[in-house]
Peer 1: 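I have a structure I would like to understand better, so I am pasting it below and will then ask my questions one at a time.
All residue numbers in this chain count up from 1 along the given sequence.
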Amino acid sequence: MGNILIFDFVIIGIFKIMNNLQPSIKTVWSINILIRSVFYTVITFLIEYFVIKNNIEDWILPIGVLAVSVLVLGFILAFVAPIFMYKFWKFDVREDEIYTERGVLTRHKTTAPFSRIQHLEIQQGVIEGMFGLSKFVIYTAGTRGADLVIPGLPIEYAEALRDQLKNITTEDAV
């Protein structure tokens with residue numbers, strides 16, 4: 001009889017469909033990576049120009065080669081990383097918890113039980129706002145790493161989810 005329960009769990013697990021993020025989150029992630037790449041390129045160029053040029057006599061590379069390398073790597077990463085990040089980012093609102101799976105190289109599977117939710121927040125940066133997206137942040141009781149962030153949700157969906165969870169957690173508290 002114990003084997004039947006395990007088998008049922010496996011079957012349910014196989015057919016459980018989880019939610020994906022909005023596809024436009026890939027563009028938001030790409031833009032954010034490009035902005036960071038430009039910032040790192042400027043920092044690298046300044047280090048090359050002011051530190052390496054003046055302090056390392058045996059430096060064989062021309063000034064700017066490292067900075068351009070950082071920029072090229074950033075551009076490649078901006079177009080490849082979001083595809084994989086999106087592919088491996090899923091979430092599910094279950095009967096008594098929110099479950100997320102994410103991670104390209106390191107997989108993270110996280111649950112946030114409704115009974116542990118402290119407060120809920122919707123965040124929207126400038127770039128996310130241009131695409132009508134937001135981050136849904138769930139703060140839970142606990143210490144380190146006690147919050148759960150679901151990026152790439154349409155603002156309307158995030159607000160509806162916030163209201164739904166707010167009602168559930170209020171009922172649990174009473």
Side-chain angles (χ1 to χ4, degrees), residues 1-40 43 74 77-174:
M1 187 161 194
N3 291 339
I4 294 172
L5 292 176
I6 293 172
F7 180 75
D8 289 343
F9 177 76
V10 171
I11 294 298
I12 291 170
I14 290 173
F15 293 109
K16 180 66 179 159
I17 297 174
M18 295 186 60
N19 300 308
N20 290 322
L21 306 177
Q22 279 297 109
S24 56
I25 191 65
K26 294 184 282 189
T27 306
V28 171
W29 286 336
S30 291
I31 292 169
N32 286 330
I33 292 171
L34 288 173
I35 290 170
R36 277 187 251 134
S37 297
V38 169
F39 174 76
Y40 293 141
I43 297 299
L77 209 58
F79 293 103
V80 173
I83 294 168
F84 289 105
M85 290 167 57
Y86 179 79
K87 180 179 179 181
F88 293 109
W89 222 121
K90 302 198 180 324
F91 73 98
D92 189 24
V93 180
R94 296 180 175 171
E95 186 176 317
D96 59 348
E97 67 186 6
I98 293 186
Y99 176 77
T100 64
E101 289 183 9
R102 61 181 165 61
V104 177
L105 299 176
T106 304
R107 301 288 291 158
H108 299 271
K109 296 178 180 182
T110 308
T111 59
F114 294 159
S115 62
R116 305 285 291 172
I117 293 176
Q118 295 291 310
H119 67 277
L120 306 163
E121 180 177 83
I122 297 172
Q123 299 175 352
Q124 187 178 48
V126 175
I127 299 169
E128 290 168 326
M130 293 186 320
F131 290 90
L133 299 178
S134 64
K135 290 179 193 165
F136 186 59
V137 184
I138 303 165
Y139 296 95
T140 59
T143 56
R144 185 176 69 95
D147 52 325
L148 183 68
V149 179
I150 303 174
L153 297 180
I155 189 75
E156 301 84 15
Y157 179 79
E159 289 172 347
L161 185 57
R162 178 198 59 202
D163 294 341
Q164 176 188 359
L165 291 177
K166 185 171 54 172
N167 291 336
I168 291 171
T169 55
T170 304
E171 290 171 9
D172 288 344
V174 173

Peer 1: Starting at CD of E101, measure out to CZ of F91 and round the result to the nearest 0.5 Å.
Peer 2: 12.5 Å
Peer 1: Do the rings of F84 and F88 sit parallel, tilted or perpendicular, given the 30° and 60° boundaries?
Peer 2: parallel
Peer 1: So, the side chain of Y86 versus the backbone of L21: is there a donor-acceptor pair under 3.5 Å, distance only?
Peer 2: yes
Peer 1: For T100 and K109, what are the C-alpha separation, side-chain angles and deciding distance, and is it a side-chain contact (heavy atoms from CB on, under 4.5 Å)?
Peer 2: CA-CA 6 Å; T100 64; K109 296 178 180 182; over 6 Å; no
Peer 1: Between the main-chain N or O of L153 and the side-chain N or O of S134, is there a donor-acceptor pair closer than 3.5 Å?
Peer 2: yes
Peer 1: Can you give me the closest heavy-atom contact between I33 and L77, atom names plus distance?
Peer 2: CD1-O, 4.0 Å
Peer 1: Applying side-chain contact (heavy atoms from CB on, under 4.5 Å) to I98 and I150, what does each step give before you reach the verdict?
Peer 2: CA-CA 10 Å; I98 293 186; I150 303 174; 4.0 Å; yes
Peer 1: Would T140 and L148 count as a side-chain contact (heavy atoms from CB on, under 4.5 Å) if you check the C-alpha gap in whole Å, the side-chain angles of each, and the deciding distance to 0.1 Å?
Peer 2: CA-CA 8 Å; T140 59; L148 183 68; 5.8 Å; no
Peer 1: Given the rule in the side-chain hydrogen bond (donor to acceptor under 3.5 Å, both in side chains) test, do K90 and N20 qualify, once you have shown the distances and angles that lead to the verdict?
Peer 2: CA-CA 5 Å; K90 302 198 180 324; N20 290 322; 2.9 Å; yes
Peer 1: Return yes when atom CZ of R162 has more than 12 non-hydrogen atoms of other residues, nucleotides or ligands closer than 6.0 Å, and no otherwise.
Peer 2: yes
Peer 1: Over all heavy atoms of both residues, which pair between S24 and F131 is shortest? Give the atoms and the distance, please.
Peer 2: CB-CD2, 4.2 Å
Peer 1: Without swapping roles, check the side chain of E97 against the backbone of R94 for a donor-acceptor pair under 3.5 Å.
Peer 2: no
Peer 1: For the CD1 atom of I138 and the CZ atom of R116, what is their distance to the nearest 0.5 Å?
Peer 2: 14.0 Å
Peer 1: Would you sort out whether I127 and I35 count as a side-chain contact (heavy atoms from CB on, under 4.5 Å), showing the intermediate values?
Peer 2: CA-CA 11 Å; I127 299 169; I35 290 170; 3.6 Å; yes
Peer 1: Measuring from T27:OG1 to Q22:CD, what's the distance to the nearest 0.5 Å?
Peer 2: 11.0 Å
Peer 1: How long is the gap from CZ on F136 to CD on Q123, to the nearest 0.5 Å?
Peer 2: 11.0 Å
Peer 1: Would you find a donor on one side and an acceptor on the other, under 3.5 Å apart, between the side chain of S30 and the backbone of A78?
Peer 2: yes
Peer 1: Could you tell me which non-hydrogen atom of L120 sits nearest to which non-hydrogen atom of K166, and how far apart they are?
Peer 2: CD1-N, 3.8 Å
Peer 1: Compare every heavy atom of G132 with every heavy atom of Q124, then report the nearest pair and how far apart it is.
Peer 2: NE2-C, 4.2 Å
Peer 1: To the nearest 0.5 Å, what is the distance between OH on Y99 and OG1 on T111?
Peer 2: 8.5 Å
Peer 1: Give a yes or no on whether K135 atom NZ has more than 12 heavy-atom contacts from other residues, nucleotides or ligands under 6.0 Å away.
Peer 2: no
